[in-house]
Number of protein chains: 2
Amino acid sequence: MSSTQMLKGIIDGCILAIIQEKEIYGYELAEKLEQYGFDSFSEGTIYPLLIRMQKEELVTSTLKKSTAGPKRKYYSLTQKGKNELQQFMVRWDKLQNSVNHVLYK
Amino acid sequence: MSSTQMLKGIIDGCILAIIQEKEIYGYELAEKLEQYGFDSFSEGTIYPLLIRMQKEELVTSTLKKSTAGPKRKYYSLTQKGKNELQQFMVRWDKLQNSVNHVLYK
DNA sequence: GTTAATACCTTGTAATACAAGATAAAGGAC
DNA sequence: GTCCTTTATCTTGTATTACAAGGTATTAAC
């Protein structure tokens, strides 16, 4: 993943980090992102992203019954996903340094 | 500008910050970004971006002779650009907090 | 059986990072 | 004087992707 894709892909990394904590389903993830202070990540963003990440074999999913509503698709990280998260954290750190260097010199 | 566009638009803010320091032309800007640790911002990224920012009236430009090569197009911030930079810095700060909250809890 | 809440997915659009390549001007080598 | 290199800008085309908008399914409560 290039540095550019990172600029576009910050959410990806954050989602990997949240999933690593504990397995989680899309709807819950959306709520959690809002808690963490991210504005407006709609389901139109999150579901396609999760599907993409599963295609890339960063996450796996299992269906579990819900108390109310359709089955929940719980996601957890694969080893590849854990590696990707590590790499993301390095890139994020570097990006943070660069941006702060520019902004605050 | 939404939070999403920000994710994609971090470079925009950085470029505004660099231009605010002193007027600068595209080619020089590309070099400077590399100095600051950004990988690989090619001219195919930077020139369209500068043109876009001028269209949005965030920057103005004036041509000046170069010692070698075609005329340099020096960019500087408009008042609108300065405001945008301020807003970007606030959004960046918020984003940083959110991401770090997720990553390092 | 209707409503509300929960949960997932799809389609279409606009933005945009970037590679690749075109163009232009100046200076130096020969 | 013509060729090469360096400096400098711009354009075209492609792939990615955030998101709005809307659709579908399941359960509980009434």
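The figures that follow rest on heavy atoms only: side chains count, while hydrogens, waters and symmetry mates do not. First the proteins, then the strands, lettered A, B, ... as listed; each starts at 1. In this text the structure is predicted, and so the values were computed from the model without any measurement.
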Considering just the side-chain nitrogens and oxygens of [X], establish if one lies under 4.0 Å of OP1 or OP2 belonging to [N].
X       : N      : result
B:Lys71 : C:dA26 : no
A:Thr67 : D:dT27 : no
B:Tyr47 : D:dT9  : yes

Nearest of [options] to any side-chain atom of [X]?
X       : options               : value
A:Glu43 : D:dT7, C:dT10, C:dC9  : C:dC9
B:Ile51 : D:dA8, C:dT6, D:dT11  : D:dT11
B:Pro70 : D:dT7, D:dA20, C:dT6  : D:dT7
B:Ser66 : C:dA19, C:dC9, D:dA8  : D:dA8
A:Arg52 : C:dA19, D:dT17, C:dC9 : D:dT17
A:Tyr75 : D:dT11, C:dC9, C:dA7  : C:dC9

Once you round it to whole Å, what is the distance between [atom2] of [N] and [atom1] of [X]?
X       : N      : atom1 : atom2 : answer
B:Lys55 : C:dA15 : NZ    : P     : 11 Å
B:Ile11 : C:dT16 : CD1   : P     : 10 Å
A:Lys73 : D:dT26 : NZ    : C1'   : 16 Å
A:Leu63 : D:dT26 : CG    : P     : 12 Å
B:Gln54 : D:dC10 : CD    : C1'   : 13 Å

Is A:Tyr25 isolated, or which residues cluster with it under the ILVMFWY side-chain rule of less than 4.5 Å, directly or via members?
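Members besides A:Tyr25, by chain and number: A:Tyr27, A:Tyr47, A:Tyr74.
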
With A:Glu21 via salt bridge (Lys or Arg N to Asp or Glu O under 4.0 Å) - residues at least two apart
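Once residues adjacent in sequence are excluded, the partners of A:Glu21 under the salt bridge (Lys or Arg N to Asp or Glu O under 4.0 Å) criterion are B:Lys105.
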
Closest-nucleotide ordering on DNA chain C, the 5'-leading residue of A:Arg72 and A:Pro48
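Nearest-nucleotide comparison on DNA chain C picks A:Arg72.
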
Most 5' of A:Lys65 and B:Tyr74 on DNA chain D, judged by nearest nucleotide:
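The residue whose closest nucleotide sits nearer the 5' end is B:Tyr74.
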
Looking at every heavy atom in both B:Gly26 and B:Leu50, which two are closest together, and how far apart are they?
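B:Gly26 and B:Leu50 have their closest heavy atoms at CA-CD1, 3.8 Å.
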
Heavy atoms within less than 4.0 Å of DNA chain C: which residues of residues 23-32 of chain B have one? Give them sorted by number.
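Heavy-atom contacts with DNA chain C come from no residue of residues 23-32 of chain B; none.
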
Looking at B:Glu23 and B:Lys64, is any side-chain nitrogen of the basic one under 4.0 Å from a carboxylate oxygen of the acidic one?
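Salt bridge between B:Lys64 and B:Glu23, a charged N being under 4.0 Å from a carboxylate O: yes.
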
When you measure from the side chain of A:Asp93 to the backbone of A:Met89, do you find a donor-acceptor pair of N or O atoms at a distance under 3.5 Å?
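No; zero donor-acceptor contacts below 3.5 Å.
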
Which value, rounded to the nearest 0.5 Å, describes the distance between B:Lys22 atom NZ and B:Glu28 atom CD?
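Answer for the NZ-CD pair, B:Lys22 versus B:Glu28, is 3.5 Å.
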
Atom OH in B:Tyr75, atom CG in B:Leu58: separation rounded to 0.5 Å?
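It comes to 12.0 Å.
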
